[in-house]
Amino acid sequence: MALATFGAGCFWGVEYFFREINGVVNATCGYMGGKDSATSYIEVKTGTTGHAEVVQVEFDPELVSYEELLDVFWKNHNPTQLNMQGGDIGNQYRSTIFFHDKQQKVLAEASKLALARSGKWGQRHIVTEIVPLQTFHIAEEYHQNYLEKNNLPSCHISY
């Protein structure tokens, strides 16, 4: 198994669309990227901790490639919105890819460049950050598989 970590707004929706992919074994909501030890939802939602809401994806690379996960990431949020997705505003909702190794970094940077060159977003700048993996803090249990537990539809819009 391999791991990938993405932030694309509210982690409930991010978790949902990754769980739908054949080859994804698990998708776990959590927090990453902050400079302090504040790791509760109450703290992170203030936007002052530096943490982003992220989803760590455990996947079988024999069934789904990292490149395919990147494609799903780009299609399910707006990477031109700085520190927000839809009505969720704050740096905790930023578009970010935390790479686990050099290969993921190279692939993430190449996919970001390809998206920018595609013209899909016109003249808007892709603001997605691509940064090294940091400590992953698992979110509280009630956040895990939240949409399914509460019989809610996805809260993300495909782009």
Side-chain angles (χ1 to χ4, degrees), residues 2-59 64 66-100 104 107-108 111-112 115-116 120-122 124-159:
L3 293 174
T5 306
F6 303 99
C10 172
F11 49 28
W12 298 339
V14 178
E15 176 197 39
Y16 174 82
F17 60 72
F18 279 116
R19 283 187 179 276
E20 296 294 302
I21 300 170
N22 184 40
V24 169
V25 176
N26 197 17
T28 305
C29 293
Y31 315 109
M32 187 179 287
K35 298 187 185 329
D36 59 30
S37 62
T39 58
S40 75
Y41 182 68
I42 298 297
E43 293 166 312
V44 172
K45 76 176 187 174
T46 68
T48 61
T49 68
H51 286 296
E53 288 191 12
V54 298
V55 173
Q56 193 157 81
V57 179
E58 183 180 1
F59 66 101
V64 62
Y66 183 69
E67 295 96 318
E68 290 171 304
L69 296 179
L70 287 165
D71 189 49
V72 170
F73 168 76
W74 296 121
K75 286 180 178 175
N76 284 282
H77 79 293
N78 182 338
T80 69
Q81 292 183 327
L82 183 62
N83 295 331
M84 66 180 293
Q85 286 298 309
D88 295 323
I89 299 170
N91 70 349
Q92 69 272 30
Y93 301 113
R94 66 188 179 269
S95 176
T96 185
I97 300 169
F98 288 96
F99 59 85
H100 289 245
Q104 283 188 359
L107 293 170
S111 71
K112 179 179 176 179
L115 179 64
K120 176 178 180 170
W121 296 100
R124 293 180 282 175
H125 180 68
I126 307 296
V127 297
T128 304
E129 61 181 13
I130 299 172
V131 294
L133 181 72
Q134 296 179 23
T135 302
F136 177 66
H137 304 278
I138 297 174
E140 297 83 349
E141 178 55 36
Y142 72 92
H143 290 296
Q144 308 305 325
N145 214 6
Y146 183 87
L147 296 177
E148 185 175 314
K149 285 178 186 174
N150 292 283
N151 198 29
L152 297 170
S154 172
C155 56
H156 273 70
I157 299 170
S158 294
Y159 289 93

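All values derive from a computational prediction rather than experimental measurement. Positions are given from 1 along the sequence.
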Inset, instruction - Check whether any side-chain heavy atom of T5 lies under 4.5 Å from a side-chain heavy atom of V55, and answer yes or no. - result: no
Inset, instruction - For Q81 and V127, work out which heavy atoms get closest and say how close. - result: O-CG2, 3.6 Å
Legend entry - Separation of E15 CD from E20 CD (nearest 0.5 Å): 10.5 Å
Legend entry - Nearest-0.5 Å distance that lies between atom OG1 in T49 and atom CG in N91: 7.0 Å
Inset, instruction - Test W12 against every option in Q144, E53, H143 by the side-chain hydrogen bond (donor to acceptor under 3.5 Å, both in side chains) rule and name the one that passes. - result: H143
Legend entry - Heavy-atom closest contact (F17 atom, I21 atom, distance): O-CG1, 3.6 Å
Inset, instruction - Taking atom types as modelled, find out whether T28 and Q56 have a side-chain donor-acceptor pair closer than 3.5 angstrom. - result: no
Legend entry - Rounded distance [0.5 Å steps], CD in E141 versus SG in C29: 10.0 Å
Legend entry - CG on N78 to CD1 on I126, rounded to 0.5 Å: 8.0 Å
Legend entry - Straight-line distance of Q92 CD to R94 CZ, nearest 0.5 Å: 8.5 Å
Inset, instruction - Grab the two heavy atoms, one from F73 and one from G7, that are nearest each other, plus how far apart they are. - result: CE1-O, 3.4 Å
Legend entry - G33 versus F98, closest heavy-atom pair with distance: CA-CZ, 3.9 Å
Inset, instruction - Write down the atom of L70, the atom of S111, and the distance for their closest heavy-atom approach. - result: CD1-OG, 3.7 Å
Legend entry - Minimum side-chain heavy-atom gap N145-R19 below 4.5 Å: yes
Inset, instruction - Check whether any side-chain heavy atom of I130 lies under 4.5 Å from a side-chain heavy atom of K112, and answer yes or no. - result: yes
Legend entry - Parallel, tilted or perpendicular: rings of W74 and H77 (30°, 60°): parallel
Legend entry - Note, P132 side chain near F99 side chain (heavy atom, < 4.5 Å): yes
Inset, instruction - Kindly assign one of parallel, tilted or perpendicular to the pair Y31 and H51, based on the angle between their ring planes and the thresholds 30° and 60°. - result: tilted
Legend entry - Heavy-atom pair with the smallest gap, counting every atom of L133 and M32: CD1-CE, 3.5 Å
Inset, instruction - Spell out, as yes or no, whether a donor-acceptor pair under 3.5 Å connects the side chain of E140 to the backbone of Y41. - result: yes
Legend entry - Heavy-atom check, side chain of V64 versus side chain of L69, under 4.5 Å: yes
Legend entry - Close aromatic pair by centroid cut-off 6.0 Å: F6 and F18: yes
Legend entry - Gap between atom CG of L82 and atom OG1 of T128 - 0.5 Å precision: 10.0 Å
